[in-house]
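To start, the structure under review is shown below, and the notes come after it.
In what follows, every heavy atom counts, from backbone to side chain, and hydrogens, waters and symmetry copies are set aside.
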Amino acid sequence: MVTKKVLSIAITILLLIGIWGTGGLVWNEIQTGNGCPKIWIIPACVIVFICFLIPLIAHILNKWNRLYFVFTGLALTIAIIASFMQFTGNGECPKLDNGTPMCYLSFLIFSTLIGLKITLLNKENH
């Protein structure tokens with residue numbers, strides 16, 4: 001049986017991995033202006049970075065669960081759209097060194113973050 005502490009640590013680790021990964025893209029965007037795709041004029045990596053940062057703060061403080069879900073849900077929506085566009089050839093996601101589109105990883109990470117948080121909250125309420 002997975003404990004609340006293990007779930008909480010897993011959420012924290014995934015959020016930190018996401019901050020590390022998107023932070024590199026944001027840094028590249030700051031330096032070159034061409035590090036990631038834009039949503040209107042805002043670089044998508046900046047939005048996704050914020051969607052990792054705010055849930056991390058909410059999770060660590062154990063407050064603002066709605067904010068956690070709003071921002072992870074927003075990022076999941078972006079990842080779904082970007083993954084679909086990548087898959088159909090109508091868009092191009094930044095890629096890892098091995099060629100894996102990062103939008104696929106964002107989809108996986110944010111889906112997992114939402115599932116883990118729901119599981120954690122259910123454990124806390126029982």
Using a 4.5 Å cut-off on heavy atoms from C-beta on, say whether the side chain of [Y] contacts that of [X].
X: H59; Y: L113; result: no
X: T112; Y: I109; result: no
X: L15; Y: P55; result: yes
X: L76; Y: S111; result: yes
X: E92; Y: Q86; result: yes
X: F110; Y: C51; result: yes

Inset, instruction - Identify whether I57 and L120 are in the same connected component of the hydrophobic contact network (ILVMFWY, side-chain heavy atoms under 4.5 Å). - result: yes
Short side-chain to backbone donor-acceptor contact, [X] and [Y], under 3.5 Å:
X: T12; Y: S8; result: yes
X: T32; Y: N28; result: yes
X: T88; Y: M85; result: yes
X: N125; Y: L121; result: yes

When rounded to the nearest 0.5 Å, the distance separating CD1 of I54 from CG of L67 is 6.5 Å
May I ask you to check whether F71 and F52 place their ring centres under 6.0 Å from each other?
no
The residue among I47, V48, I81, V46 that forms side-chain contact (heavy atoms from CB on, under 4.5 Å) with I39 is I47
(Q) Using a 6.0 Å distance limit plus a 45 degree cone around the ring axis, check whether K117 lies over the aromatic ring of Y68. (A) yes
